[in-house]
Amino acid sequence: MKRVVVTGMGLISPIGNDVPTFWDNVKQGTVGIGEITYFDTSEYKVKLAAQVKDFCATDYMDAKAAKRMEAFCQYAVAATSQAILDAGLDLSKEDLTRIGVSIGSGIGGLQAIEREHKKLLEKGPKRVNPLLVPLMIPNMAAGNVSIIFGLKGKCLNIVTACATGTHSIGEAYRAIQWEEADVMVCGGTEAAITPLSIAGFSALTALSDTSDPNRASIPFDKDRNGFVMGEGAGIVILESYEHAKKRGAKILTEVVGYGATEDAYHITAPCEDGEGAARAMQEAMKQADISPEQLDYINAHGTSTQINDRCETFAIKKALKEAANKVNINSTKSMIGHLLGAAGAVEFITTVKSVQENYIHATVGLLESEPELDLNYTKEPCTDRIITYAMSNSLGFGGHNASLLIKKWE
């Protein structure tokens with residue numbers, strides 16, 4: 001099978017709308033959580049979210065194209081534009097039938113659904129926007145990216161809730177391994193900070209109702225009480241090693257393993273002993289042909305919910321056994337909240353930067369864990385460890401588990 005490398009990255013996030021800005025803020029421990037400004041929260045118990053700031057869609061597309069997209073699509077197009085530029089990929093010189101897209105969204109255009117449903121009730125069916133369907137369906141992030149950049153290869157929209165971004169990159173990795181494409185534009189995108197979404201997740205008791213932004217998303221802390229809704233997009237360019245070498249691309253890292261499993265346990269809760277997530281990690285290590293002792297760092301799903309952080313800890317112990325105590329673990333969600341379908345992709349980008357710079361960011365806000373959470377969750381930044389192998393984990397409602405494993409490029 002073909003070797004697969006990462007050559008470009010782009011993102012839109014609550015702490016930066018490009019990779020350099022985002023990474024600088026990660027290293028500074030910047031928390032991108034604040035009061036929700038998109039709608040009136042006076043009747044809501046949850047007041048906080050991690051919103052994208054200062055994003056302008058017309059920096060990346062014309063006004064007409066932007067008007068025909070909801071925010072989740074705009075974010076995906078913007079991050080793709082950055083990633084293609086970062087990769088130095090000249091599309092005019094490429095066989096566009098060999099460049100595919102794998103971009104997922106967990107929810108899609110929920111704003112359009114809410115807006116047009118209100119219009120339906122107040123003004124009748126004839127006033128509903130004729131573009132409602134293409135505005136709301138989740139596959140339009142992948143579709144719009146393909147259309148705008150002329151990419152004619154395999155085009156996928158994977159929806160596995162909070163594991164969407166990781167599965168999207170993993171399946172793109174598979175497509176290149178099996179020579180279905182030379183290049184894949186892949187990742188996740190989400191913009192679901194809406195009245196219905198916040199109300200729904202609140203009713204599920206999944207969201208933190210803490211009023212302090214610095215104590216709202218605190219993965220692995222004993223006082224955690226739910227996740228914080230975030231938004232944004234993460235896009236990476238994957239290529240076969242041969243293709244990247246031929247065009248003289250700079251290689252950021254190599255993808256060497258991908259595990260995808262199912263708990264078959266519960267619609268929202270992960271398997272209590274972490275068995276499903278453990279198998280995903282083990283499969284990724286098996287493909288990479290490494291032992292648990294060789295794994296240096298895990299960017300955890302780390303949602304800041306009681307059950308996720310406990311079950312993911314159990315999964316890491318089950319997958320790594322004695323080596324679990326030696327690996328550095330952190331959660332980027334401590335700064336940017338939970339980006340749902342985009343989470344795994346943005347966290348994959350964080351993992352790549354960590355491997356490149358041998359820098360493992362702190363799990364910001366983590367003060368003390370309960371006794372059964374006894375691993376190294378990186379309370380302070382780690383700068384004295386050479387990171388050769390690193391893994392990014394994602395777990396999604398419905399029991400979806402995904403792990404990606406990368407290796408330092410030398």
Side-chain angles (χ1 to χ4, degrees), residues 29 31 33 162 204-228 261 263 265-266 268-282 285 291-338 343 347 350-351 354 360-385 387 390-397 399 401 403:
V31 174
I33 297 167
C162 309
L204 196 61
T205 66
L207 297 180
S208 171
D209 58 9
T210 305
S211 59
D212 180 358
N214 293 309
R215 295 297 294 163
S217 183
I218 48 173
F220 305 109
D221 191 281
K222 65 180 179 60
D223 294 329
R224 66 191 185 279
N225 73 340
F227 74 82
V228 173
T261 65
D263 286 344
Y265 173 73
H266 191 271
T268 59
C271 187
E272 290 182 358
D273 64 357
E275 183 272 340
R279 282 189 290 112
M281 288 184 267
Q282 289 168 334
M285 290 187 289
S291 67
E293 289 74 18
Q294 291 176 272
L295 188 62
D296 300 298
Y297 163 52
I298 296 174
N299 188 297
H301 189 54
T303 61
S304 188
T305 62
Q306 283 289 331
I307 191 167
N308 175 92
D309 296 0
R310 183 173 67 252
C311 293
E312 190 172 8
T313 294
F314 294 163
I316 292 169
K317 291 180 178 181
K318 189 179 289 287
L320 303 189
K321 298 181 173 60
E322 293 81 8
N325 293 310
K326 301 176 182 178
V327 68
N328 274 86
I329 302 161
N330 66 7
S331 173
T332 307
K333 291 181 180 70
S334 61
M335 290 174 274
I336 62 174
H338 192 345
E347 289 155 16
T350 305
T351 307
S354 298
I360 302 172
H361 72 72
T363 300
V364 177
L366 172 58
L367 300 177
E368 183 181 355
S369 302
E370 59 264 46
E372 62 184 346
L373 271 63
D374 56 357
L375 299 179
N376 179 7
Y377 304 112
T378 316
K379 290 183 179 179
E380 299 293 336
C382 175
T383 59
D384 59 356
R385 181 168 192 164
I387 310 170
M391 182 183 290
S392 180
N393 287 340
S394 292
L395 287 63
F397 281 3
N401 307 296
S403 296

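Reckoned from all heavy atoms, side chains included, excluding hydrogens, waters and symmetry mates. Just so it is clear, the model here is predicted, and its values are computed rather than measured.
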[atom2] on [Y] to [atom1] on [X], rounded to 0.5 Å:
X: Ser331; Y: Ile218; atom1: OG; atom2: CD1; value: 11.5 Å
X: Gln306; Y: Lys222; atom1: CD; atom2: NZ; value: 10.5 Å
X: Asn393; Y: Ser403; atom1: CG; atom2: OG; value: 3.5 Å
X: His361; Y: Cys382; atom1: NE2; atom2: SG; value: 12.0 Å
X: His338; Y: Thr305; atom1: NE2; atom2: OG1; value: 8.5 Å
X: Arg224; Y: Asn308; atom1: CZ; atom2: CG; value: 8.5 Å

Does some side-chain heavy atom of [Y] sit less than 4.5 Å from a side-chain heavy atom of [X]?
X: Glu272; Y: Phe314; result: no
X: Ser217; Y: Ile33; result: yes
X: Met285; Y: Leu320; result: yes
X: Asn325; Y: Leu375; result: yes
X: Thr378; Y: Asn376; result: yes

- Message: Is it true that, when you exclude Glu322 itself, more than 12 heavy atoms of the residues, nucleotides or ligands shown sit nearer than 6.0 Å to its CD?
- Response: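 Incorrect, the count does not exceed 12.
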- Task: Flag yes if more than 12 heavy atoms outside Glu293 fall under 6.0 Å of its CD atom; otherwise flag no.
- Result: yes
If you take all heavy atoms of [X] and [Y], which pair is closest and at what distance?
X: Thr261; Y: Gly276; value: OG1-O, 2.6 Å
X: Gly302; Y: Pro219; value: O-CG, 3.2 Å
X: Ser394; Y: His301; value: CA-ND1, 3.6 Å
X: Ile329; Y: Ala300; value: CG2-CB, 3.8 Å
X: Glu347; Y: Lys333; value: OE2-NZ, 2.7 Å
X: Ala319; Y: Met281; value: CB-CB, 3.9 Å

Is the side chain of [X] donor-acceptor paired with the backbone N or O of [Y] at a distance under 3.5 Å, no angle test?
X: Asp309; Y: Phe220; result: yes
X: Thr210; Y: Ala216; result: no
X: Gln294; Y: Ser291; result: yes
X: Arg310; Y: Leu373; result: no

- Query: Side chains of Asn330 and Tyr297: do they bring a donor and an acceptor to under 3.5 Å?
  - Reply: yes
- Take Asp221 and Arg215 through the test side-chain contact (heavy atoms from CB on, under 4.5 Å) and record every step on the way to the result. CA-CA 10 Å; Asp221 191 281; Arg215 295 297 294 163; 3.2 Å; yes
- Message: Which residue in the set Thr363, Thr313, Asn328 passes side chain to side chain donor-acceptor pair (under 3.5 Å) when paired with Tyr377?
- Response: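 Single pass found, and it is Thr313.
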